[in-house]
Amino acid sequence: YRGYDCIELVKGFRGKRFGFEEASYLLLFGELPNDKQLKDFRDILIACRTLPTNFTRDVIMKAPSSDIMNSLTRSVLTLAGRASA
């Protein structure tokens, strides 16, 4: 990832850190974040995780599928459509 050894990155994420945010930041911005950058990035991600009201019921539960990837794709496309409306 951006010149970093994956094994070394994973070793740095031990403990209470999972590394998703750091790895995402690295891929997006080309460098590992400092503590303030990581906190700000996490705050942005948290704000973007809220699903629209009744999304789970209307989009996921009303149209069950044995193909989880198809369901995930449909859900992401539905959210993208709502964001642009």
Side-chain angles (χ1 to χ4, degrees):
Y1 288 175
R2 299 281 186 142
Y4 288 89
D5 180 358
C6 292
I7 302 298
E8 293 302 315
L9 282 174
V10 171
K11 285 180 183 177
F13 299 146
R14 302 274 161 107
K16 293 186 177 186
R17 295 171 46 213
F18 295 108
F20 172 79
E21 291 92 350
E22 287 102 327
S24 298
Y25 190 96
L26 173 63
L27 292 174
L28 289 169
F29 300 108
E31 63 185 22
L32 287 170
N34 62 33
D35 289 339
K36 180 175 179 353
Q37 290 168 325
L38 182 58
K39 183 198 175 307
D40 292 344
F41 188 59
R42 282 183 176 155
D43 290 343
I44 291 167
L45 292 177
I46 288 167
C48 294
R49 286 185 183 141
T50 303
L51 293 173
T53 305
N54 300 324
F55 180 83
T56 303
R57 183 194 71 204
D58 295 342
V59 176
I60 299 172
M61 301 303 288
K62 285 188 177 179
S65 171
S66 59
D67 184 345
I68 190 67
M69 292 308 292
N70 185 31
S71 292
L72 180 59
T73 301
R74 186 178 64 245
S75 296
V76 169
L77 291 172
T78 301
L79 286 171
R82 290 180 181 201
S84 64

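Just so it is clear, the structure is predicted and the values come from calculations on it, not from any experiment. Just so you know, these numbers use all the heavy atoms, side chains as well, and skip hydrogens, waters and symmetry mates.
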Taking every non-hydrogen atom, the tightest pair across S75 and V59: OG-CG1, 4.0 Å
Sub-4.5 Å side-chain heavy-atom contact between [X] and [Y]:
X: L32; Y: Y25; answer: no
X: L51; Y: L79; answer: yes
X: L72; Y: V76; answer: yes
X: L9; Y: D5; answer: no

Enclosure of F20 CZ (heavy-atom neighbours >12, cutoff 6.0 Å): no
Listed partners of D40 passing side chain to side chain donor-acceptor pair (under 3.5 Å), at least two apart: K36
Test item: Q37 side-chain N/O and N34 main-chain N/O as donor-acceptor pair under 3.5 Å: yes
Nearest-0.5 Å distance, CZ of residue F55 to CE of residue M61: 12.5 Å
Gap separating the SG atom of C6 from the NZ atom of K11, nearest 0.5 angstrom: 12.5 Å
Electrostatic pair D43-K39, nearest N-O below 4.0 angstrom: yes
Pairwise salt bridge (charged side-chain N to carboxylate O under 4.0 Å, His left out) hits with a residue in residues 61-81, at least two apart: D58-K62
